Amino acid sequence: MITIVNENQYHLKGDGTMALSMMAIGETRRISEFRGKPEMKQHLQNLGFQKGAEIKVVGENPSGLILLIKDVRIALNRGLASMILVD
Amino acid sequence: MSYTIALAGNPNCGKTTLFNELTGSKQHVGNWPGVTVEKKEGLYRKNKELNILDLPGTYSLSPYSAEELIARDYIVKEKPDVVINIVDATSIERNLYLTLQILETGIKTVVALNMMDEVEQRGDQINFDKLSKSLGVKVIPITAKSRKGLDNLMHEVEEVAKGDIRPTQISVFHGKIPQIIAQVSSVIQEENEQYGNWKALKILENDQQILDSLKEDDQLRVTQIVNQAEKEYQMDLEAEIADQRYQFIANITKASVVKKSTGYTETTSDKLDKVLTNRFAAIPIFAIIMYLLFATTFSESFLFIEGLQSPGVWLAGLAETVWGFLTGLLEGVLVNASPWVFSLVIDGIMGGLGAIVGFIPLVLVLFLLISFLEDCGYMARIAFVMDRIFRKFGLSGRSFIPLLMGFGCSVPAMTATRTLESEKDRKITTIITGFMPCGAKVPIFAMFVSVFFADGNKTLVTYSIYMLSIVVAILISLFLNKVVYKSGASNFIMELPKYRIPMAKTVFIHGYEKIKDFAIKAGTIIFMSTIILWLLSNFNVDSFNGKNAAASDNGSNLAEMDDSFLADIGNVIAPVFKPLGFGEWRPTVGVITGWIAKENVVVTFAQLYDDDVTEEYLETFFQKYTTEELSDFGFEDGVYDFDTAFTIYSEVILFEGQDENAFHTMKDDIKTKAAAYAYMVFNLLCMPCFAAVGAMKRELKTWRLTGFGIFVQMTTAYLVSLMIYQIGNLIGKF
Ligand SMILES: Nc1nc2c(ncn2[C@@H]2O[C@H](COP(=O)(O)OP(=O)(O)O)[C@@H](O)[C@H]2O)c(=O)[nH]1
Ligand SMILES: [Mg+2]
């Protein structure tokens, strides 16, 4: 289980991995894994989504999520967000 | 001595702005990531020895989209003398990822840290010397928008270009990676060791293109090395490499960048996004903006004020007046020329081109507005918001922009599909863009609706056509996705650039670039085709054996259109359209001339039904207008002659659907409302004009695929029109 202490600090107990799509607005976490096609994985890496990168959800709507990663806003659809695991 | 200087950087880092400021050349600046598709060159204003080249925006040298490949191939294969790597200093960590990859190639590089104004505004501090040392190349702060630091930058670039200053080697990778690189590099055995190492690195990154370029047994050997290393060290090499690069970047930015506030602060862009991409508000706001976009372009009663013309309509009227004046002048010059020269110039060229003069301003206004939406950053949000809807029929929200542009002209619209990342989306979007009711198709609807639906709600009929184009586009896209490509929507990921109020100059350059394709089409294909059309419709076999000349009173060997080659062609094809309700030669010829250019259709009708458009008819028709209205149409100070009246009738009155009683005999060819509607729909959906087919070929690459696209368009047009006519007839019987 995951206990969020505050926005920038979190503690993991046991297996705290979850899908990025499950994150709430304002939440900050680190990327742990990507489950998808290698080309997309590479593209994600190019955009700054490497393992351990800190991401914050700054917006959401029915199309998907808006993330803040390395000072850049990136929009992505929920399907893709569910393939990105965070902890 | 001349040097090539290439500009490379992430999308939206300010590359185009810098290019424009350095070269003074007219070129596009946009907020749509990856919009700079072609290589653009220009000489440095202050030193013509430096030839500056704008590469497409790219996030890395491991290319993901077709555009990114251009940048990578250029840097590695063409080898510019110096690369200026532009880094958006407000998101330095992400931007430096590309920087490291450029440095890995060993090319001479100068880093330009752009957007320093925003950095200063935030109160952040960057130690350029430290950063420069860590990267092994010069780092120069600039603000491209206000030209700050550009002299300094170019001074440095010149020095690097002329001197022998290579980047200082930096060691980014550690652990097992350097060792594996060396192993692979020794297999490849490139003469240039650095190039060999670069290739090896790319192979560790799974770069198929590089791997394919190796000899077959080398391919096997390096794959073996990579696989074994991955197994032995239990790591995904590609991820490990990305990781080490970002680690390196994190370390050097920690040492040289001091941020005033480290946490998250909500920016104006974030606040705007809360509204503009809001779950509930996004679509209504979007609808209002689209309404304004189209009203500003096409509306006769702008902002609901009766009689107030929108800027687009007003400009169109102005252009028509000017064209009418020019035609009048030419007529004066040519009075004594031979009949066929007069006919070719006045009827063929001026008449044919005159048909498009009226809507070039409409397309221009539409494209300026679209460019504004792109440049201010809103278009990226629309793509995101629309993604949810487009996803349902197998496309991505990014397809929205080309389709929207399709309402103006499909030629630049199809070109705009290049910004789509998925090849499948590119193909499907290109094909369905042909269904959009482009500016040139609008006169067809205007004329038919006014003639056949005068008693009904004309606006509703016109809107139904627009809706139909969208419904058909959706259905065909679904069909192509499910049946032909057997796949669903691709994933959507896109950077949302900061909202910025674009500079007017920028929007105009951008709009100009879009209209350029259209103008070239008008200048070449339409020009050629008007001449061909004129030839086909004015000549027949008897033109060449003297019989025409003998029969005419002025010795002209021109033929009447009903008796021309064009009529023969129409007669052969006409039976195909019998089941659609317009299987006569004249409507058929209309369809054919539409392929040359859709705006031809209405003018062709005026020429084909010229028995209806007699001198007496026109005289009676124009009598109901005041002198002022007549001069608005383009008659000069009360001068009235048949030719002018005919031209104005076909290019103004018919284009705007102002004559409900046009063409009595047309109603013998197209007898019912159902047939008329079917005719509009066929012209809407069938193969677009040849210029657009050319654009289709450019985007789809092969003739086979282009042929397939045309087949889909033709079949769709035929089936939908068939259904409309047959069902309409059934309903009409009750
Ligand atoms: N504040 C600021 N904005 C800039 C600067 N340089 C470019 N821009 C803006 O950044 C946006 C993207 O620039 P553009 O040249 O289109 O980037 P490209 O995609 O790399 O070609 C535009 O709105 C520019 O006006 C700069 O130095 N400071
Ligand atoms: Mg650009």
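Predicted model, so just to flag it, every value in this text is computed and none were measured. FYI, side chains are in, hydrogens and waters are out, and symmetry mates aren't considered; it's all heavy atoms of this structure. Just so we're on the same page: letters track the sequence lines, and every chain starts at 1.
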> Is B:Glu205 paired with B:Arg245 through a side-chain N to carboxylate O contact shorter than 4.0 Å?
Replying inline: yes

> Is it the side chain or the backbone of B:Asn95 that comes within 4.5 Å of chain A heavy atoms, both, or neither?
Replying inline: neither

>> Tell me whether the rings of B:Tyr246 and B:Tyr97 are parallel (<30°), tilted (30 to 60°) or perpendicular (>60°).
In response: parallel

> Is it the backbone or the side chain of A:Ile31 that comes under 4.5 Å from a heavy atom of chain B, or both, or neither?
Replying inline: neither

> Picking from A:Gln42, A:Met40, A:Lys51, which has the most non-hydrogen pairs under 4.5 angstrom with chain B?
Replying inline: A:Gln42

>> Do the side chains of A:Glu33 and A:Arg35 get close enough for a salt bridge, i.e. N-O under 4.0 angstrom?
In response: yes

>> For A:Leu44, which atoms come within 4.5 Å of any heavy atom of chain B: side chain, backbone, both, or neither?
In response: side chain

> Ring centres of B:Tyr378 and B:Phe286 under 6.0 Å apart?
Replying inline: no

> Do B:Thr58 side-chain atoms and B:Ala71 backbone N/O form a donor-acceptor pair below 3.5 Å?
Replying inline: no

> Quick one: what part of B:Thr277 sits under 4.5 Å from any heavy atom of chain A, side chain, backbone, both or neither?
Replying inline: both

> Yes or no on side chain to side chain contact (heavy atoms under 4.5 Å, CB included) for B:Ile493 and A:Leu80, after CA distance, side-chain angles and deciding distance?
Replying inline: CA-CA 8 Å; B:Ile493 181 160; A:Leu80 182 58; 3.8 Å; yes

> Who among A:Gly64, A:Ala81, A:Gly59, A:Gly79 has the most heavy-atom pairs with chain B under 4.5 Å?
Replying inline: A:Gly64

> Based on non-hydrogen pairs under 4.5 Å, which of A:Leu67, A:Ile66, A:Leu76, A:Asn77 is most in contact with chain B?
Replying inline: A:Asn77

> So what's closer than 4.5 Å to chain B heavy atoms on A:Leu68: side chain, backbone, both or neither?
Replying inline: side chain

>> Quick check on B:Asp387 against chain A: is it the side chain, the backbone, both or neither that has a heavy atom closer than 4.5 Å?
In response: both

> Any idea which of B:Ile389, B:Val385, B:Asp273 has the most non-hydrogen atom pairs under 4.5 angstrom with chain A?
Replying inline: B:Val385

>> Classify the ring geometry of B:Tyr59 against A:His43: parallel below 30°, tilted from 30° to 60°, perpendicular beyond 60°.
In response: perpendicular

>> Looking at B:Arg381 and B:Gly377, would you say the former's side chain and the latter's main chain have a donor-acceptor pair under 3.5 Å?
In response: yes

> Non-hydrogen atoms of chain A under 4.5 Å away: do they reach the side chain of B:Thr265, the backbone, both or neither?
Replying inline: backbone

